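Taking it in order: structure first as structure tokens, then the write-up.
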Amino acid sequence: MKKLYTIFWTLFLGMNANAQNTQAQKDTAKVLEEVKVIAIAKKKIQTEMKMAVSVDEFLASSDNISFIKRGAYAWEPLLNNMSTERSTVTIDGMHVFGACTDKMDPITSYVESNNLSAIDIKSGQEGSLHGATVAGSIDLKRKSTPFSPEKKYNGAYQTGFEFNNKQFFNLGNLSYASDKFVADGSISFRKAGNYYDGNNNEVNHSQYNKFNTSVALAYKTSPFSAVRVDAIFDKAKNVGFPALPMDLWLSRAIITSASYKQLFQHGLIRAWDTKVYYNAVEHYMDDTHRPENLVHMDMPGWSTTYGLVSRANLKRGDYSAEIQLNAYHNLSIAEMRMYPQDRSKRTMFAYSWPWVTTRFTSVAMNNSWDISENSRVNFGGSLGYNYNRSKYVEFNWIFHPGTPQEKSRILPGLHASYQLTINQFNFSAGGGYGHRAPSVSEGYGYYIYNSFDRYDYIGNPDLKNEISYEANASAGFKNERMGIEAKVNYFYIQNYIIGRILSLGSPMNYQSVGVKGYTSLDHARLFNMALNANYNILQHLHWKGTLTYARATDDKGGNLPFIRPLSYQTSLHFMYKKIGIQTSLNGDLTQINYSPEYGEDQTPAYMIWNISANYSFNIKNCKTVLQVGAENLLNEYYSTYADWGNIPRMGRNIFTSLKFSF
Amino acid sequence: MSCTKEKTDYEAEINTVVTEHYEFKEAAAISSEGYTISIEALNGTFYKGYNEIRLKITDTRTNENIHASSVTFLPVMSGADGSNTSCPHLYDLTYNTDDKYFTGYVVFTSESNTNRSWELYTSFVVNNKNYPAKQNITVQEQPNKNLNMTAFTGKDGEQYIIALVSPQKPTVAENELIAGIYKFNQPASPPSGSFPDPSQFSYTAVSNYTLQLDPRMPEPSMGNHSSINNKDLTQQSDGLYYGVVNYTMTGNWTLNFIMLNQNGKILKGTEVPTDFAPGVEGVKSDLYIDILF
Ligand SMILES: [Cu+2]
């Protein structure tokens with residue numbers, strides 16, 4: 001992060017200098033863009049192994065992200081081994097909430113790799129800029145083409161085929177830039193059949209179809225200001241979830257925003273960006289392809305959010321800061337309608353989210369102060385106000401008689417860290433403190449069936465705020481030849497929210513074995529560790545390795561579920577002229593610390609070998625890359641600790657892709 | 001962008017099988033020697049099951065509301081075989097001074113048809129003169145299953161009737177459940193005087209009984225689903241029995257009962273299995289009432 005800050009502020013200084021000269025107008029076009037792009041941790045949306053990745057595959061390449069997988073599509077990202085309730089996931093700072101009570105639609109499923117430029121992951125309270133969090137934040141950054149003094153068209157088209165599940169995809173994007181006006185557009189189609197596991201058995205209900213398109217228009221209103229409107233439309237249809245008792249018939253999202261950005265040449269405030277947004281998600285599940293279901297159910301869900309995010313960048317001397325105001329309003333609705341065996345009889349109806357409104361407002365600030373040439377202090381905080389209302393509170397009263405219909409919470413957060421660079425070594429140490437409010441399901445969910453432990457879950461509106469105390473540290477060494485870095489973090493989380501078996505109440509869902517209520521453990525502890533190293537063996541031969549380890553326990557010393565066992569990844573990357581070859585090994589060791597109490601069994605160790613090669617060439621002015629590769633080359637049969645219901649992962653997958661860009 | 005599927009209108013959802021009636025309307029009018037007796041019931045209809053009734057007496061000439069005394073009310077059902085039976089009712093109506101009407105209740109045990117007809121016998125006293133009157137009425141089937149009733153013989157050999165009084169329109173929520181429990185008083189002596197002899201048709205609300213409650217969804221796919229925080233029904237000062245039932249979703253529910261007398265002795269009802277049994281129709285107590293909303 002520190003490096004980014006440096007780049008960021010260098011750019012601003014650069015802008016100041018440029019602004020002085022007569023060609024200010026020309027340069028601001030560039031600055032406008034650069035400010036936006038550099039202010040975040042920029043990573044290209046592709047992994048070393050694969051250039052045509054899905055958003056999920058890309059996220060998976062980050063060492064503090066793991067996934068709960070319910071099938072081949074829409075993986076739920078875990079940040080620091082914590083589920084999505086504990087992190088804030090945003091698209092350009094906009095809050096979007098999934099409409100599925102079974103978490104079939106994490107926010108990452110509503111974007112596509114060709115409309116993103118980067119994914120900004122912040123760990124712990126450092127991520128509180130976008131809203132109250134415990135685990136951190138994941139911000140999906142939209143692509144945005146800079147203004148350009150001369151008219152310019154850019155575009156890319158990517159197509160590919162993956163043999164294992166017959167996935168065929170087509171991704172296209174096009175942009176136009178001029179001095180005053182920019183337009184970005186993207187469109188993508190993905191269609192995949194069922195995949196086959198390492199024993200060459202078809203995994204039924206693992207198909208998917210996704211369509212995504214986006215458009216953005218920006219207009220420069222003055223040399224130092226611009227307006228921008230953005231829209232994403234995403235539609236997933238006929239998506240199988242092999243680990244769940246039902247599939248997805250249709251999920252649609254429309255995500256829109258309008259923003260105004262102003263840059264300032266002088267003074268403390270250097271940039272100010274304000275955006276209003278609206279998004280609506282609808283989600284309809286489908287159990288009609290599962291003959292084992294005794295009951296036919298309709299489970300539609302809707303989530304509508306509108307909000308405001310306003311952010312200012314400040315700079316004076318050695319001090320710089322970001323201030324952000326967030327405000328949003330969300331309405332989450334989910335219904336259950338069960339059909340009796342005799343269809344002439346009355347259907348049975350209940351809300352699984354009884355029209356739950358969430359209103360959230362927060363002011364957050366991140367500060368950075370260079371105390372000397374080789375040391376820096378970062379500190380910041382946020383203060384949030386969270387309000388919930390359950391329209392049909394009588395549903396919540398069944399398990400929590402008399403609980404108030406409305407609930408307000410104050411969510412403070414604080415963090416600080418110190419960074420020190422001594423020659424080729426760098427060190428950091430930091431701490432944080434923050435609250436989060438329960439999610440809609442944790443607070444107001446009603447008989448939400450969890451097919452992992454096979455319990456129906458009941459929300460508790462009276463849950464206390466989850467309070468996180470966090471410490472983190474890192475140490476690294478870097479020279480031209482090699483780099484090594486170790487990072488650790490530790491979370492002590494008070495009032496840790498988790499489902500506990502209720503001795504009373506009987507399940508509603510046919511597959512369920514009982515009822516669990518969300519309750520607070522006195523505390524839980526989580527520890528994450530990552531070790532990264534890279535070494536340039538030859539000028540064109542690079543090695544990289546990652547080792548991660550995590551451990552998490554509840555207040556009685558029992559294991560928490562979905563904690564990644566010791567895992568590793570090692571890769572070699574060789575480049576020769578226009579050819580690149582990559583190979584990697586990755587795997588987990590045996591899951592020793594699993595949690596039978598929360599429905600886990602022990603997952604054995606596995607190791608996957610991947611290989612790919614690409615060839616770049618030009619067709620006229622068109623840059624072309626052809627890639628062929630294989631994932632799970634040895635066709636290993638495995639499932640990971642976070643595979644819902646132990647569904648096997650994909651066996652050998654040969655993939656090809658071709659990308660043209662101009 | 002409009003939604004692909006419409007959201008459920010929750011109010012309308014509950015109204016699909018339940019109509020709630022609030023208004024008392026005239027269900028029967030009887031003329032007797034210059035007086036008109038108007039009997040009001042919810043929706044102007046006598047239904048099988050529990051009916052609260054309001055009775056007003058007006059002087060036909062002056063059209064004035066008369067405060068009569070000793071107002072009695074007795075429903076009698078005549079069968080095609082010549083039998084005469086009654087049903088739980090309040091014989092001596094009470095006067096509601098605020099609203100100026102007499103109030104009582106009747107629990108019709110069957111609807112009228114070609115084989116049986118109901119007759120209402122009333123009488124009242126004005127100026128020390130007794131005015132008897134009678135009127136044939138129609139009892140209709142109760143379409144609202146939340147006002148169902150059951151009649152049975154207890155282990156003590158007595159004839160009992162349990163009728164649901166409230167809620168008319170339950171919701172997915174904690175609902176106050178009100179029921180009346182009545183017993184037929186076997187006549188001690190043969191009929192005397194002019195027909196009908198009230199002592200032959202006497203019912204009373206039982207005192208200090210307990211109605212244990214275990215609500216379940218009978219639908220096989222619901223696997224004997226039940227709810228929590230329910231409360232057994234106990235008698236309150238108005239003579240009715242009050243408890244709490246939680247419905248976790250709309251649909252068919254069975255209220256399984258065990259009726260205990262004032263000494264805690266079981267008069268009727270059996271425990272139902274509590275285990276989750278998907279695919280099997282819920283086992284009912286031998287004392288139960290089905291509801292639907
Ligand atoms: Cu879903």
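Here the structure is a predicted model, which is why all the values come from computation and not from measurement. What you see below is based on every heavy atom in this structure, not just the backbone, and it leaves out hydrogens, waters and symmetry mates. A note on names: the letters A, B, ... follow the listed sequences, proteins ahead of strands, and every chain is numbered from 1.
Looking at B/Asn246 and A/Trp397, their side chains never come closer than 4.5 Å, going by heavy atoms from C-beta outward. A heavy-atom distance below 4.5 Å is not found between the side chains of A/Met338 and B/Met217. Side chains of B/Tyr10 and A/Phe349 form a contact here, defined as non-hydrogen atoms less than 4.5 Å apart. Contact annotation: the side chain of A/Val513 never approaches that of B/Phe276 to less than 4.5 Å [non-hydrogen atoms, C-beta and beyond]. In this structure, A/Tyr447 and B/His225 have side chains that are in contact, with non-hydrogen atoms separated by less than 4.5 Å. A 4.5 Å side-chain heavy-atom check between A/Phe395 and B/Thr171 finds every atom pair outside the cut-off. The shortest side-chain heavy-atom distance between B/Glu174 and A/Ile398 does not fall under the 4.5 Å cut-off.
B/Lys169 NZ: more than 12 foreign heavy atoms inside a 6.0 Å radius. Remark: A/Lys191 NZ is loosely packed, at most 12 non-hydrogen atoms of other residues, nucleotides or ligands lying under 6.0 Å away. Shown here is B/Glu52, whose CD atom has more than 12 heavy atoms of other residues, nucleotides or ligands within 6.0 Å. Residue A/Glu292 qualifies as enclosed at atom CD: its count of foreign heavy atoms under 6.0 Å is above 12. Applying the 6.0 Å contact sphere to OH of B/Tyr288 captures no more than 12 heavy atoms from other residues, nucleotides or ligands. Other residues, nucleotides and ligands contribute only 12 or fewer heavy atoms inside 6.0 Å of the NZ atom of B/Lys231.
Summarising the geometry, atom CE belonging to A/Met508 is positioned 9.5 Å from atom OG belonging to B/Ser227; distances are rounded to the nearest 0.5 Å. Atom OG1 of B/Thr4 is separated from atom NE2 of A/His283 by 12.0 Å, given to the nearest 0.5 angstrom. Put simply, CE on A/Met348 and CE on B/Met222 are 5.5 Å apart, with the number rounded to the nearest 0.5 Å.
Looking at A/Glu335, only its side chain comes within 4.5 Å of chain B, counting heavy atoms on both sides. There is no contact between B/Thr274 and chain A, counting heavy-atom distances below 4.5 Å. Contact annotation for A/Leu502: neither backbone nor side-chain heavy atoms come within less than 4.5 Å of a heavy atom of chain B. In this structure, the portions of B/Glu13 lying under 4.5 Å from any heavy atom of chain A include both its backbone and its side chain. Heavy-atom distances place the side chain of A/Tyr392, and not its backbone, under 4.5 Å from chain B. Only the backbone of B/Glu6 comes within less than 4.5 Å of a heavy atom of chain A; no side-chain atom from C-beta onward does. Heavy atoms of A/Asn396 lying under 4.5 Å from chain B are absent altogether.
With chain A as partner, the option from B/Ser221, B/Gly279, B/Pro220, B/Gly251 having the largest number of non-hydrogen pairs under 4.5 angstrom is B/Ser221. No other option in A/Trp302, A/Tyr351, A/Tyr510 has as many heavy-atom pairs under 4.5 Å with chain B as A/Trp302. Contact count against chain A (heavy-atom pairs under 4.5 Å) is highest for B/Thr250 among B/Thr250, B/Val17, B/Ile228. Counting heavy-atom pairs closer than 4.5 Å to chain A, the top-ranked of the candidates B/Asp275, B/Asn229, B/Val172 is B/Val172. Counting heavy-atom pairs closer than 4.5 Å to chain B, the top-ranked of the candidates A/Asp342, A/Ile333, A/Val295 is A/Val295. Per-residue heavy-atom pair counts under 4.5 Å with chain B were compared for A/Gln511, A/Lys345, A/Gln341, and the maximum is reached by A/Gln341.
Judged by distance alone, the side chain of A/Tyr284 and the main-chain N or O of B/Lys5 form a donor-acceptor pair under 3.5 Å. A donor-acceptor distance shorter than 3.5 angstrom exists from the side chain of A/Arg346 to the backbone of B/Phe293, with no hydrogens or angles considered. One N or O on the side chain of A/Ser506 and one on the backbone of B/Ser226 form a donor-acceptor pair closer than 3.5 Å.
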